[in-house]
Amino acid sequence: MGSKTLPARKDGRVIIHFDYDCFYASVFEAKNPALKSLPLAVQQKQIIVTCNYEARRRGLHKLQLIKEAKKICPDVIIELGEDISPFRDASKELYNFVKAFSWNQRVERLGFDEIWMDTTDIVEYNLETLNRHDLENSFFQLSRDDPTAGFSFDASVLAGHKYPKDYIYPGNPDDVVDNLTFRLRLGSHLALYIRHQLEQQKGYTCTVGISTSKLLSKLVGNLNKPKGQTTLMPPLSQIDGQSNNNVIKFIDDHEVGKIPGIGFKLSQKLRDFYLGRPAEYDKGLIYGGRPEPVKVAELRNHPDVNPEMLEKLLAGPGSPHGIGYKIWCLLNGIDDTEVGQAKAVPSQISIEDSYIRLDTMPEVLRELETLAKSLIRRMHKDLVADDDDVIEEVQSETTTSSSLASKKWLAYPKTVRLSTRPRPALRPDGTRPRSFKRLSHSAPLPRFIFSLSTNIDSLADRLVNEVLIAMFRKLHPEKQGWNLSLVNLAVTNMAETAGVTKTASGRDISHMFKKQDDVLRDFRVTDFTPPPDSGSPRVEDLEEIDGGLDEHIEDKVYTEGDWDSEGDEDYEGRESLWADTGGIQSL
DNA sequence: CTGGGATAG
DNA sequence: ATTTCTATCCCAG
C-alpha cells in the first residue's frame, strides 16, 4: 500500500552549519588584510573561481572569464589559486579552531569551507544551568570544568536572523519559553560567539545556519549571506496541518536538485518523472539552458509520489537500499543522519591530474613519478606528526622537549590505488561518447614508503618501478591504443597507530580538552560582572541592521568594561521573542 | 577486501 | 562543479 508514513522527527539536536564566506578569497585576505577593501578575485585557469564581496559589488562573480572581469573592473586584483595547499592548510586550521569549542567532537567538515557541529550537549548543559528568572544577564558556559570560561549574553532573545523572516512566537509572552525554542536560541548565541571568535582570532567571516539536522542547518544558512546567521524557527512538525509547519514551508520552494543528497542523477530521474517525459538533455549544450526546475512541493504533493513509488523510480544497480524512503524523508525535510565524529586522520589521500592527451608509456611514467612525489609529500604532511604531539602511554612521560622531537606516522595506509579515465573511442559517426568512467586497481602499499630518512624522489621512483607500472599494465594491458584523460593515485585503508584514536572516545579526550583550553585561554571571561540593568548590546539588532557587505559583528559584545548601559533603546519585537509553556512541546 | 557509482564543494 | 581535484559513503561480488 502506498503509505506516506514518516519517522518521528529527531528535533532534540542543535546543529550548526558554518560556511566561510568566499573562502579562497578570504585566505588571501587573511594573509594580507589590506586586500579586504579592494576588489579581489582568485583565478584558476582562465576563470575566476571566487571573488570577495567588494569585487561582487563591482559586478564580478564566480566562474567568470578573467578577460570579462578585467573589462568590467580594470583595477581588480587577481591572485592565482591553482595551488590549493594554502586553502587546505587554512581549512584545517579553521576546522581545528572550531572543533576546540566542541565537547562531543561531533564536528564534520565538508570540502574546505563547510563545517557541521552538533552542539546538543553544550546547549543541553546551558539549558540546565541558566537562570530562567534573569535571562537578559545570562552566561554561556563553554566548559564543564571551568565555570569562568564562557561569555555573557541575552538569553531572552535569539541571535541573528530567523526563518520565517516575520516569525512571531505563537504563544503567550509571559510564560516560559518551550524547550525547542530555547535550545535553538542557545545554539544561535553559541554560533554568534564562535563566528565572532573566528573573525577576531583568525580573520575569517562565515555564514551560519542553525537547526536540528544537517539538512536544515545547511539549507537555512543560505538565507543570509555573507556574514549572517539564520535559525529555522519552530514549529518544525505538524500540529494542525502543514500550514504552520516551518520545515515544510521552508523546504517546499527549493528545487529538488538543491537538496543535499539529491544529486545529478537523482534529480534527473525525479524531473523526468514529474515532467512526464524522458530526459532530453545534452544536446550539445555546453553551457546550456537549465532544465526546467521542479520544486520539492510539486513532487511531494504529487498524488503518485510516496516512498514505495520513489523506491521503484530511483532504485537501480548499486543504489543505496531504501533510497525511496530516504528521498521521501528529504522531501519532507527530515534528515536523521548524525554529524560525523572528528577523525584524527583522513580515510584516504589522493592526487590526480587530467590530460588533453596521454597515450605513450614514457609520458605515463613521467606523470606517475610526479603524482607519486606529490602523494608522498601529502602523506608526510597529513599522516606524520611530531612525536610529542602524539599521546602514548609510555612515551608521554619520557619525551622531554620538542627540540628532540622526532617524526612519527599517525597512520599507515595499507593500500595504494591507481585509477585512470580512458578517453572513449570515437563512434562511427565521428562524435565522441562522453564518458567519465574510471578504471582502478589496488595493491598493497610497500612498507619502504614509510621511511622518513629516504628522500622523496627515490621513494617515488621505487614506488613507480616496483608497484605502479605493474598496476598500470593490469588496467591497460595493450602496449598502446589507449589515451588517458586522467590519472589518479591514492592511498587508503589507514591503519592508525597507537596514541591516535579515530573518535573522541577513550583516553584521547584529555588531548581534546587540552586543545579546547588552548583556544579558550586567550578570550576567557575572567571576572564577569553582569551589566547594570539593560543588556549587553543586542546581538539581535547588530545582525538585523545588516546592510550587507561592511556590516561586522560588534567586537565589544564579549569584552569586559563595556557594560555601561546605553539604555534600552527600541526593543521592537521583544514580545515576539518570549514564549509560553502552552502550545509547543517538542519532545 | 576490491572495484565502481553517486554526491559534495 | 557533468568541466577539475579531492574526498566520503555505499553496494555487489
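Within every chain, numbering begins at 1; the chains are lettered A, B, ... in the order of the sequence lines, protein sequences first and strands thereafter. On a predicted model such as this, the values are computed, not experimentally measured, just so you know. In what follows, every heavy atom counts, from backbone to side chain, and hydrogens, waters and symmetry copies are set aside.
When heavy atoms are screened at a 4.0 angstrom cut-off, A/I259 is found touching the sugar-phosphate backbone but no base atom. Counting non-hydrogen atoms under 4.0 angstrom, A/K218 reaches the backbone sugars and phosphates but no base. Nucleic acid contact class of A/K45 (heavy atoms, under 4.0 Å, all strands): none. Among the heavy atoms of the strands lying under 4.0 Å from A/E114 are primed sugar atoms or P, OP1, OP2 only; no base atom is included. Heavy atoms of A/G340 sit nowhere under 4.0 angstrom from any nucleic acid atom.
Looking at A/E79 and A/Y24, their side chains never bring a donor and an acceptor atom within 3.5 Å of each other. With hydrogens and angles left out, the side-chain atoms of A/N104 and A/S102 include a donor and acceptor closer than 3.5 Å. No side-chain donor-acceptor contact under 3.5 Å links A/D359 and A/Q480.
Put simply, the residue from A/R421, A/R378, A/R417, A/R438 that forms a salt bridge (Lys or Arg N to Asp or Glu O under 4.0 Å) with A/E352 is A/R438.
Smallest separation of non-hydrogen atoms from A/R300 and A/L331: NH1-O, 3.1 Å. Among all heavy-atom pairs drawn from A/G333 and A/I251, the shortest one is CA-CD1, 3.6 Å.
The separation between A/Q44 atom CD and C/dC5 atom P is 9 Å, rounded to whole Å. One interatomic measurement links the two molecules: CD of A/Q46 to P of C/dT4, which rounds to 15 Å at whole-angstrom precision. Atom-to-atom, NZ of A/K265 to P of C/dT2 comes out at 11 Å; the value is rounded to the nearest Å. Residue A/Y24 contributes atom OH, which lies 15 Å from atom P of C/dT4 at whole-angstrom precision.
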Passes salt bridge (charged side-chain N to carboxylate O under 4.0 Å, His left out), A/K343 versus A/E496? Steps please.
-> CA-CA 11 Å; A/K343 280 188 295 190; A/E496 289 182 21; over 6 Å; no
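Separation of the P atoms belonging to B/dG3 and C/dT4 is 24 Å when rounded to the nearest angstrom.
Outside the 6.0 Å centre-distance limit, the rings of A/H441 and A/F472 are not counted as a close aromatic pair.
Without hydrogens or angle criteria, A/S26 side chain to A/Y204 main chain gives no donor-acceptor distance under 3.5 Å.
Heavy-atom contacts of chain A under 4.0 Å fall on DNA chain B between two terminal nucleotides, which in 5' to 3' order are B/dT2 to B/dG9.
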Heavy atoms under 4.0 Å is the rule here; annotate nucleotides 6-13 of chain C 5' to 3' with B where the base is hit, S where only the sugar-phosphate is, and - elsewhere.
-> BSB-SSS-
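Residue whose closest nucleotide on DNA chain B sits further toward the 5' end, between A/L475 and A/I262: A/L475.
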